[in-house]
Amino acid sequence: MAFLDWTWSCSDWVLLLLFTGVALYFWGTSNYNHFSKQNVPFVKPLPFVGSMGPSLLRKQYFPQLVMSTYNKLKDHPYGGFFMFKQPVLVLRDLELIKAIAVKDFEYFTDHRSVLPTDAEPVWSRILFALKGQRWRDMRATLSPAFTSSKMKTMFVLLSECCQNFVHFLEQCYQQTQQNECKIEKEGDLLIVEMKDFYTRYTNDVIATAAFGIGVDSLKQPTNEFYMMGQDLTYLGGFRAIKWLAYMAVPKLIQKLRISLMPAHITKFFRSLVLDTIATREREGIVRPDMLQLLMQAKEGTLHEDNSAVNKKMKLEDDDIIAQAVLFFLAGFDTSSTLLCFASYQLAVHPDVQSRLQEEIDETLQEHGGRFTYEAVHSMKYLDMVVSETLRLHPPAPSVDRLCVQPYILKANPPMEIHPGEMLFIPIYALHHDPSYYPDPERFDPERFSDDNKHNINPMTYLPFGVGPRSCIGNRFALMETKLALVYLLSQFTLKVVSRTPVPIRIVQKGFNMSIDGGFWFGLEKRKS
Ligand code: HEM
């Protein structure tokens, strides 16, 4: 057979290479006329990588890529870019965003597949990955677990985690605690890498609130739950290559049934959840946490507030494991990122920090020295600070929607969208658009004061996404972050120190945003 004949001449090999190169080029650019043939403006793609080049070369981090795409499409209600070979329609116009995500939601109910379903039987059951009716049923089943009254019952668990960290910091301050965490004492200050610190807090919060186990990751820095969480969210080395391959050629990865989630992690979380459920059932233990609510959903006894039992669907064990892990994945890094950026802004804006501390002190006094659920939720300035941090540094820079039924985009010019096509809502860019937020890079909590917040168009402020598919855990996330800030600032003041990077340079670590050099701050003990 000529193909296997090693006596091929040099020119034969050159021809073969040339042919392969040309064939690959055509494959790598095969659908790059997707937008041009419809006269839709788009960001020019490069072969294979589409518009992702600057992000892959680490010249632009994902929020910057979202921003530059949005700016390049200025003056258009929508436009295109390419995520590798996948054409993605970016929505700029606020009415279009509202139509896709809210009014005509039934045409765009799904996200693009986040994981190869065949290779990930547990992971493909997570709410975020579910599609169509199955998503509707699961969302309706889980929603009662996130109402205000359920948050109130979980408040006590979160307060315990906050008490643990304040106690730990006080011990470090008095140097009675040897710690393996990134906390050092320098003069009157504790020097703390807050990303590490807050990640341990949000990890403990999810451990107790979602998995029903108590861990203290500051006192036991290498506890198994924490280490598994780190492993789960580690996106370096070979794992990064697998994820990139999945984004570039999802069908091939699906076909090869390559698993993106290491089996030992799935095994750990599976036995953790199943053992806890078995112990609770055996010993009749009832605990005010998400696992208990998932167990009730499985039994069909989970109540909507003030209404009947939700009987939308029966959960299987794998569904429960999947949702518990999702709460962990969706919650712990996003919330710790929010806490880090809030701390940064407070440290570099001491006037804002003092005003917030005054509010905390007064509220504490009014509530008899106790941080109750009502006390934390009554703090208006705290809400303004957290809202402005979420505007300036949204942990999710964009969200996607997948078209599930043919749709005509009612814009000038109109556009036909077909099932399987993907759309993007550029959260980060909307939050930084000067026509919606004057002087957008300035940290100004006043934008969210009672007098000003009515000027904000709801479609320009989307830290938790938008419409029926928005974040189910937003109340929980806000409670967890506000409570941590209240506990911390009632005892300590955040200070800029020589290791604090000012101004910050955003970098991407794994799924989330961080800053170059780490979130180093000084903590000064407040005089009582
Ligand atoms: C500051 C913290 C958080 C931020 C900024 C955030 C943001 C988001 C965003 C942008 C989405 C996609 C929404 C959309 O497509 O419109 C989302 C979805 C989701 N989030 Fe969060 N989230 C946070 C914390 C949490 C927490 C603590 C939990 C659970 C305990 C959670 C659970 C979920 C789930 C389950 C979904 C998928 C919802 C669905 O597909 O129906 N999130 N989140």
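These numbers come from the heavy atoms of this one structure, side chains and all, not from hydrogens, waters or symmetry mates.
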Could you tell me whether the side chains of R287 and T208 share a donor-acceptor contact shorter than 3.5 Å?
yes
Please confirm whether F448 and Y461 have ring centers closer than 6.0 angstrom.
yes
Donor on one side chain, acceptor on other, K195 and T337, under 3.5 Å
yes
Any salt bridge between K453 and D383, counting N to O under 4.0 Å?
no
For residues 324-331, which side-chain donor-acceptor pairs fall under 3.5 Å, sequence neighbours excluded?
none

If we count only N and O atoms by modelled type, under 3.5 Å, do the side chains of E480 and S335 hold a donor and an acceptor together?
yes
Check D318 with R270, please: is the shortest side-chain N to carboxylate O separation under 4.0 Å?
yes
Ring centres under 6.0 Å, that's the criterion: do F197 and W520 meet it?
no
Under a 4.0 Å N-O cut-off, is there an ion pair linking E184 with R499?
yes
R125 and E316: CA distance, side-chain angles, deciding distance, salt bridge (charged side-chain N to carboxylate O under 4.0 Å, His left out) verdict:
CA-CA 10 Å; R125 291 176 185 239; E316 292 169 14; 3.2 Å; yes
Does a side chain donor of either D231 or H264 reach within less than 3.5 Å of an acceptor in the other side chain?
yes
NZ/NE/NH1/NH2 to OD/OE distance under 4.0 Å, D319 and K298:
no
Run the ring-centre check on Y487 versus F371 and record whether the distance is less than 6.0 Å.
yes
Taking atom types as modelled, find out whether T493 and Q357 have a side-chain donor-acceptor pair closer than 3.5 angstrom.
yes
Report yes or no: is the cationic atom of K219 (NZ for Lys, CZ for Arg) under 6.0 Å from the centre of the six-membered ring of F168, at an angle within 45° of the ring normal?
no
Apply salt bridge (charged side-chain N to carboxylate O under 4.0 Å, His left out) to R282 and list each qualifying residue two or more places apart in sequence or on a separate chain.
none
Would you say the ring centers of Y198 and F519 fall short of 6.0 Å from each other?
no
Do S490 and D361 have side-chain atoms, one donor and one acceptor, less than 3.5 Å apart?
no
